[in-house]
Asker: 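Pasting a structure here, questions to come.
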Amino acid sequence: MKTKLILTTLLIAGLSTLCMAATATKPELLKTAWQEYKLGEYSQAEKLFIQAKKLAKDDKSYSEALTGIAFCYQYAKKQQTAVSDYRYAIKLYEQALKKIDSASKYRPFFTAMRAECYFNIYRLTDEKDNLNKAVKLWNEIQQQWSTTVASQDALLYQVMAMTGDDYSTPEALQLAKQLERYFKTNKIIPSKDGKKPPATAKKLLLAAVMSNYLGDFYFWRQDYKNSVKWLINYYELGASSYAYKADVLFKIARTADVKLNDKPLAISYYTLFQYEIKSDKRRYFAQQRIIALNKDIK
Amino acid sequence: MVKKKIKKEIAWFNYIGFGILAICYLGALWNVYKIKKDEIIDNKKVIRICHWQLELGYRDAMQTIIDRFEQKYPDVKVVQIPISEKTYGQWVTTQLIGRTAPDIIEMGMFNVKEALPRYFIPLTDTLRKPNPFNADNPELKNVPWMDTFNDGLQSSYVPELIDYYRVGFNTFTVRIFYNKELFRRILKTDKPPRNLRELFDYCERIKAYEQQWNKRVADYNRSHDLQKNKIIVTPIASAKYQTNLFKSRYTTMLTSDRYMGLDSNCNGTVDDAELFAGLLNNNLVVNDEKYRMAHLLQRQLAEYFPRGFMSLGRMDSGFSFIQSRAAMITSGSWDASSYIKQAKDQPFGDIILTINNRQVTDSADAVKILITGVTAGKPVKLTVEREGARKTFTVKPLNADNIFTAYGIEIKDFPNSDNKLVPVITIVDSASPASVAGLKPRKCFEIGVFDFPMPDKSNPVYGKYVVGEVVELASTGGAYGVCKFSKNRDLALKFLQFCTTPENNEEFNRICQWMPVIKGAKIPEALRPFKPHAEGYSGSLGFKRNTRTGTLEKQTFWPFISGAITYEQFAEKIIARLPDAAARDYDTARRDATEQIPDRLLRRSIYLAQVIFPAGNQPTEKSLNKLASTWDVLVTAMTAINRINAQIKPFINQPEESEFNRKFFNSYKAIKQ
């Protein structure tokens, strides 16, 4: 009798635990999965994402879980990511696209991820068909969802990935122009009346980064005037850290100083560098350049 | 009956082992009780902080701040865990893996970069808000915590992780320490040299002093059975460690402008590609005049280092300085309190109380009486105070009209512990009457500190090459992070905030004699010479970039600086081997440029997911900013190879432009085959 009582108690306890596990809330499961992903525990993360996918009852949870699984193949393996991993990730994204609504806000994201995977397959296999698929998807994103975060992310990725390791090619220039069109199309560069969209607009989210890229791109093509223009834009849209802000202010000043021989512009930005950057080993150098340039102007 | 007795003995014997086990177990319980008493019995919240700083004063400083914190929060106990430098890294790593690490951990001696995202909490959000303990400070109450640090905590930012993970308590600079007693004795001044010319002059005079002394000793020893000992007084105590400090400083002073001349991307620093481009376009050559002069300066300095300094360790040179066998030494402010204390703790020297039972008032009085003793030709009875005890010595002086020849001593007045001037024996010549009698000289000395003297513009050799002073960024060091597994994270953060108010940071550094990092915290008086100079230049000319060029530099620089080879031979060796070394490092730079990309893409995927799938309806501003920050880092990574190619490509098409180019590209071709 006593034995039976103990066994029954154990059974009930065991079943309760299982039930509790089964009804673990999806947000917690996904949160834990992303934590594991962030910590580099990808096998564990994948298991949790798979579990979350099975329990998902809405578009968001399902999409998120599927993304998590796909990321474990597309990114987690880093240099070891194989063609098959990218293909599997594409399959997952297509699965997501089939399930979600046609007007779902996740469509641009999944489209972008498919494009990125196709491009990487092309990079590994040289099969042009994959490149064409990638480009087609990227164009689709820009046409349909141009100012979403996913599309900005995709545009940046596309431009840098397709530019490759050589800034000097005509193709690289074309891609840079594509990036510039983003500013014109979305009126991020001030129009003649000097009005800029508010800083909190999501379409500005990666605009600063784009400007930074363009500044670097034109610099190495020796188009210093354009380079400075985009670096100023980067500064005005907001560098993401103090270190990057210091770098861009100094770079604008020095480029104006040594490449453009534009003394007033150089003085202006060396001064701004002095004012905004309180702790930097280049400060004294900037101060001395201001003195020297002012002397030259006089 | 016998069997019963044996059985009884065996039974007792068995209990001995059990008894030992029981004692050990009780001992272990007691230890656990001691550690856990605060938490379990007194119900206090306990936070633990570990570090490897066993230097003089640091633990006391930490304990003082801990005591203050516990006074403010009586329900909190802070336990300091100092661990030896030798085992710190292993210990912390084991604790982190086992999830038993202390709440606050000093960052260093272990793989910090890898450990940060796994084991430590980011502090960015808290750092962007004011430090609550500055609420009563009108200047800092509304200032974000990070901006209360002198460097804005920029040295703690981890761009790959787009977060701050550490706060520090101290900063450090490097200076030259000098022995004021030796300066007074040899140079007749205790003022430091004002410029490089004066430094070399001082060094020459110190060298001459040693030579003259030892010549006198050699002459004496030729005609005496009782031999005198030679002295060692090196101008500058040095080992490889100190040599590198001099190298860094003086190379920057002379070549910073040439360094900036290589800055082809206009960002104020020279990276790998810019260096290689400089080599390929002949903008950087081994026989660069400034590079040569910087090296000759260092070579000249090295003539004042001890013989065989290359094989000495850092501790050896420090010891030599403390023992007054060297007049100067360079090191950082981290060594200041150790040196000052060790110099002070050396023997005070025999204080002369009476001579032939006659009270002595001061050194002049003592000399007068002792010379009278010589005239009388009789042994002299000296009563001295030595480390608090009175001792009497009988000295048989030689026939001479000066105290040094007659007795072998020198006497000077020094303040004692009551600040009263007393006559102290400062020199006891070996094999002299005083030495035979057993008198002991003063060994303790006052330390002075000065900055690296610059060549002034009128310096005939180096003057025209000087660019200027070297900038010193007051970077925050001695940094601590909060462990992810801490059960009292908020409390741990609170403690760090408490430590970094101007008052507490000042007090902390006053006790350990290091330099504070918080705005408004005063530098301890003795460390004023270490105050960083914010105005100056940075960057120095050199060929070292990575493993191969680094090895080449080591293999050529040290024989040159030690005098084994001339500068011309040094330059020849570099010219011969640099193209191949540079080509290999260039190959490494290219590989490194692309290898970091997958890791950056992975980081971006984390924040992209946070923005696309936010916890609430909309992504938070934090996650949006993180995504933008990740992209800034990613753009830098993805375009690194582009920048390398943009700079090197023009030379690929002209490989025969120079001898260097030809060899460089031939080596590179061979590597790629």
Side-chain angles (χ1 to χ4, degrees), chain A residues 27 30-31 34 37-40 60 63-64 67-68 71 74-76 78-79 81 106 109 149-150 153 156 160-161 163-168 202 205-206 208-209 212-213 216-217 219-221 238-244 247 250-251 254-255 257-259 278-285 287, chain B residues 117-118 150-152 154 157 159 162 256 260 263 265-269 468-469 471-475 534-539 594-595 598-599 601-602 604-606 608-613 615 619 621 624-625 627-636 638-639 641-647 649:
Chain A
L30 282 166
K31 189 179 171 186
W34 284 117
Y37 181 82
K38 203 173 175 182
L39 287 174
K60 188 195 170 193
S63 301
E64 191 175 348
T67 300
F71 277 10
Q74 185 181 352
Y75 296 113
K78 299 189 196 176
Q79 285 93 342
T81 314
Y106 303 121
F109 168 70
V149 170
D153 181 277
L156 258 171
M160 286 198 298
T163 297
D165 59 10
D166 191 349
Y167 277 150
S168 64
K202 264 209 210 113
L205 181 69
L206 297 181
V209 182
N212 187 17
Y213 172 80
D216 191 55
F217 174 80
F219 185 93
W220 293 110
R221 288 176 67 92
S240 60
S241 72
Y242 181 91
Y244 277 93
D247 277 352
F250 189 88
K251 190 159 178 171
R254 188 122 173 94
T255 307
D257 185 358
V258 302
K259 301 289 187 189
K278 300 296 181 199
S279 175
D280 192 284
K281 58 187 177 183
R282 298 165 288 192
R283 282 190 97 236
Y284 186 69
F285 179 88
Q287 188 188 82
Chain B
R118 290 183 78 88
N150 286 327
D151 73 336
Q154 291 319 304
Y157 182 67
I162 326 160
S256 171
M260 286 300 279
D263 174 31
N265 69 357
C266 296
N267 70 350
T269 58
E469 189 52 89
V471 67
E472 290 170 326
L473 276 187
S475 301
E535 291 190 353
Y537 296 94
S538 64
T594 48
E595 267 174 17
D599 189 69
L601 283 168
L602 180 70
R604 162 242 184 182
S605 71
I606 294 167
L608 183 60
Q610 281 181 9
V611 168
I612 301 295
F613 304 107
E621 197 179 326
L624 289 168
N625 288 335
L627 179 61
S629 299
T630 318
W631 261 110
D632 252 341
V633 175
L634 183 53
V635 163
T636 308
M638 283 181 83
T639 56
I641 192 68
N642 300 56
R643 286 189 289 281
I644 291 175
N645 286 339
Q647 292 178 87
K649 201 175 163 190

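In this text, all values refer to a predicted model and were calculated from it rather than measured experimentally. Every chain is numbered from 1 and lettered A, B, ... according to where its sequence line falls, protein lines coming before strand lines.
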Asker: Taking side chain as everything from C-beta outward and backbone as N, CA, C, O, which of these in B:V635 sits under 4.5 Å from a heavy atom of chain A? Side chain, backbone, both or neither.
Answerer: both
Asker: So for A:Y244, is it side chain, backbone, both, or neither that comes closer than 4.5 Å to the heavy atoms of chain B?
Answerer: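 The answer is the side chain of A:Y244.
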Asker: How close do A:K251 and B:N265 get, heavy atom to heavy atom, and via which atoms?
Answerer: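 In terms of heavy atoms, the two residues are closest at CE-O, 3.2 Å.
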Asker: Need one label for B:T636: side chain, backbone, both or neither, based on atoms under 4.5 Å from any heavy atom in chain A.
Answerer: side chain
Asker: Which atoms form the tightest heavy-atom contact between B:S605 and A:F71, and what is the distance?
Answerer: O-CE2, 3.3 Å
Asker: Could you work out, with side-chain hydrogen bond (donor to acceptor under 3.5 Å, both in side chains) as the rule, every residue matching A:D166, not counting sequence neighbours?
Answerer: A:S168, B:K649
Asker: Between A:A150 and B:I612, which heavy-atom pair has the shortest distance, and what is it?
Answerer: CB-CD1, 4.2 Å
Asker: Can you tell which part of A:Y106 gets under 4.5 Å to a heavy atom of chain B, answering side chain, backbone, both or neither?
Answerer: side chain
Asker: With a 4.5 angstrom heavy-atom cut-off, could you sort out which part of A:L156 is near chain B: side chain, backbone, both or neither?
Answerer: both
Asker: At a 4.5 Å cut-off on heavy atoms, which part of A:V258 comes close to chain B: side chain, backbone, both, or neither?
Answerer: side chain
Asker: To the nearest 0.5 Å, tell me how far A:Y213 OH sits from B:L634 CG.
Answerer: 12.0 Å
Asker: For chain B, find which of A:G164, A:G238, A:G40, A:G68 contributes the most heavy-atom pairs closer than 4.5 angstrom.
Answerer: A:G164
Asker: Are B:Q610 and A:W34 close enough that some pair of their side-chain heavy atoms sits under 4.5 Å apart?
Answerer: no
Asker: Applying side-chain hydrogen bond (donor to acceptor under 3.5 Å, both in side chains), can you list everything that pairs with B:N642, at least two apart in sequence or on another chain?
Answerer: none
Asker: Within the 4.5 Å heavy-atom criterion, are B:L608 and A:F109 side-chain neighbours or not?
Answerer: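 Yes - at least one pair of side-chain heavy atoms lies under 4.5 Å apart.
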Asker: Could you pull out the closest heavy-atom pair between A:Q79 and B:P598, with the gap in Å?
Answerer: CD-CG, 3.8 Å
Asker: So for B:E595, is it side chain, backbone, both, or neither that comes closer than 4.5 Å to the heavy atoms of chain A?
Answerer: both
Asker: Please flag which part of B:P619 lies under 4.5 Å from any non-hydrogen atom of chain A: side chain, backbone, both or neither.
Answerer: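 The side chain, not the backbone.
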Asker: For the residue pair B:N150 and A:S279, establish whether any side-chain heavy-atom pair is separated by less than 4.5 Å.
Answerer: no
Asker: Which bit of B:S256 is near chain A, if near means a heavy-atom gap under 4.5 Å: side chain, backbone, both or neither?
Answerer: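 For B:S256, no heavy atom lies under 4.5 Å from chain A.
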Asker: Considering only heavy atoms from C-beta outward, does the side chain of B:N645 approach that of A:Y167 to under 4.5 Å?
Answerer: no
Asker: At what distance, to the nearest 0.5 angstrom, does NZ of A:K38 lie from CG of B:L602?
Answerer: 11.5 Å
Asker: In terms of heavy-atom proximity below 4.5 Å to chain B, should A:R282 be classed as side chain, backbone, both, or neither?
Answerer: side chain
Asker: Measure distances from A:D257 to the heavy atoms of chain B and classify the residue's part below 4.5 Å as side chain, backbone, both or neither.
Answerer: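 Neither part, no heavy atoms under 4.5 Å.
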Asker: Go through the atoms of A:Q74 and report whether side chain, backbone, both or neither lie under 4.5 Å from a heavy atom of chain B.
Answerer: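 For A:Q74, neither part sits under 4.5 Å from chain B.
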Asker: By a 4.5 Å heavy-atom criterion (distance strictly below it), what part of A:K60 contacts chain B: side chain, backbone, both, or neither?
Answerer: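 A:K60 touches chain B through backbone and side-chain heavy atoms alike.
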Asker: Side chain, backbone, both or neither: which part of A:T81 has an atom under 4.5 Å from a heavy atom of chain B?
Answerer: neither
Asker: Just so I know, are the side chains of B:C266 and A:F219 near enough to count as touching, which here means a heavy-atom distance under 4.5 Å?
Answerer: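 SC-SC contact between B:C266 and A:F219 confirmed.
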Asker: About how many Å separate CE of A:M160 and OG1 of B:T639, when rounded to the nearest 0.5 Å?
Answerer: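 With rounding to 0.5 Å, OG1 (B:T639) is 7.0 Å from CE (A:M160).
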Asker: Does any backbone or side-chain atom of A:T255 lie under 4.5 Å from a heavy atom of chain B? Answer side chain, backbone, both or neither.
Answerer: both
Asker: For residues A:L205 and B:L624, report the shortest heavy-atom separation together with the two atoms involved.
Answerer: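 In terms of heavy atoms, the two residues are closest at CD1-O, 3.5 Å.
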Asker: Do we see a donor-acceptor contact under 3.5 Å between the side chains of A:D153 and B:W631?
Answerer: yes
Asker: Do you know which two heavy atoms are closest between A:A243 and B:Q154, and how far apart they sit?
Answerer: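 Looking at all heavy atoms of both residues, the closest pair is N-OE1, 4.4 Å.
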